[in-house]
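Below: the structure, in structure tokens.
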Amino acid sequence: MSILPAKSRFNSERGFTLVEAIVALVVLSVALIPVLQLSDSSLRAATTIRDDMIAAGLAQEGIEVVRTIRDANWFNGQAFATGLANGTYRVEWNSTSLISLGSNPPLKLNNGVYNYTIGTDTQFYRTITILGISSSELKITSQVSWTARGNDVKTVQAEEHLFDWK
């Protein structure tokens with residue numbers, strides 16, 4: 001039976017060889033790639049959902065602002081469609097009248113409130129289109145558009161018919 005000298009025994013138990021280290025790195029890399037891809041796709045999905053929800057809320061807000069203008073007309077003893085002529089406009093959350101579309105700047109975000117005057121520019125653009133169907137009916141279309149990842153232009157529309165039911 002041959003006994004290795006103490007020095008040789010130490011060298012054979014020293015640790016990983018270069019080949020073992022490379023194999024370990026390859027296995028680790030192969031295992032991590034799907035995890036990183038999953039986290040990236042989850043982040044993309046969350047961003048898309050967030051933008052879709054914001055746009056839907058902004059579109060609904062546009063409809064509600066026009067409804068508020070119609071209701072204010074009634075409270076002030078005016079015809080229901082006063083100030084709601086056919087055309088395309090802008091509105092802010094606190095508008096008491098329609099704003100001419102002009103160049104249609106992006107909405108700004110200021111402390112959680114979207115407006116056109118104060119805050120940081122966002123990617124969202126909103127238009128309100130009013131079409132008189134009859135003397136007692138208005139068709140209101142609120143459209144919000146934005147540029148999503150990959151330069152795809154996305155659009156959300158809400159439509160409401162307001163009636164002179166009073």
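Closest approach of Ala59 and Ser142 over heavy atoms only: O-OG, 2.8 Å. Looking at every heavy atom in both residues, Asp51 comes nearest to Phe124 through O-CE2, 3.8 Å. Minimum interatomic distance between Lys154 and Ala148 (heavy atoms only, all atoms of both residues): CD-CB, 3.7 Å. Closest approach of Ile63 and Ala158 over heavy atoms only: CD1-O, 3.7 Å. In terms of heavy-atom proximity, Leu101 sits nearest to Arg90 at O-NE, 3.3 Å. Across all non-hydrogen atoms, the minimal contact from Arg126 to Asn104 is O-OD1, 3.3 Å.
Transitive grouping of hydrophobic side chains (ILVMFWY, heavy atoms separated by less than 4.5 Å) keeps Val144 and Trp93 in distinct clusters. Follow the hydrophobic side-chain contacts under 4.5 Å out from Leu58 and you never reach Val91; the two are in separate clusters. Residues Tyr125 and Val66 fall into different hydrophobic clusters, defined by Ile, Leu, Val, Met, Phe, Trp and Tyr side chains chained together at heavy-atom separations under 4.5 Å. No continuous path of ILVMFWY side-chain contacts below 4.5 Å connects Val27 to Leu18, so the two sit in separate hydrophobic clusters. Transitive grouping of hydrophobic side chains (ILVMFWY, heavy atoms separated by less than 4.5 Å) brings Phe80 and Trp165 into a common cluster.
Contact of the Gln143 side chain with the Thr127 side chain is registered, since non-hydrogen atoms from C-beta on lie closer than 4.5 Å.
With rounding to the nearest 0.5 Å, the separation of CD1 in Ile118 from CG in Leu109 is 12.0 Å. Between the CD1 atom of Ile54 and the CH2 atom of Trp146 there is a distance of 9.5 Å, given to the nearest 0.5 Å. Within the model, atoms CG of Leu138 and CD of Glu160 stand 11.0 Å from one another, a figure rounded to the nearest 0.5 Å. For the atom pair CG (Asn76) and OG1 (Thr82), the distance works out to 9.5 Å, reported to the nearest 0.5 Å. Atom-to-atom distance recorded for Glu61:CD and Glu92:CD is 9.5 Å, nearest 0.5 angstrom. Taken from CG in Asn110 to OG1 in Thr122, the straight-line distance is 12.0 Å, to the nearest 0.5 Å.
Residues Asp40 and Arg44 are paired through a salt bridge, judged by an N-O separation under 4.0 Å between the basic side chain and the carboxylate.
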Checklist entry - Between Tyr116 and Leu107, is a side chain to side chain contact (heavy atoms under 4.5 Å, CB included) present by the stated rule, with each step listed? => result CA-CA 5 Å; Tyr116 289 105; Leu107 286 160; 3.5 Å; yes

Checklist entry - Do Ile140 and Arg67 pass the side chain to side chain contact (heavy atoms under 4.5 Å, CB included) test, and can you show the C-alpha distance, the side-chain angles, and the key distance before you say yes or no? => result CA-CA 9 Å; Ile140 313 300; Arg67 183 190 315 273; over 6 Å; no

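Asn73 contributes no side-chain N or O that, together with a main-chain N or O of Gln78, makes up a donor-acceptor pair within less than 3.5 Å. Checking side-chain atoms of Glu137 against main-chain N and O of Ser134 turns up no donor-acceptor pair under 3.5 Å. The backbone N or O of Thr48 lies less than 3.5 Å from no partner atom in the side chain of Arg149, so there is not a single donor-acceptor pair.
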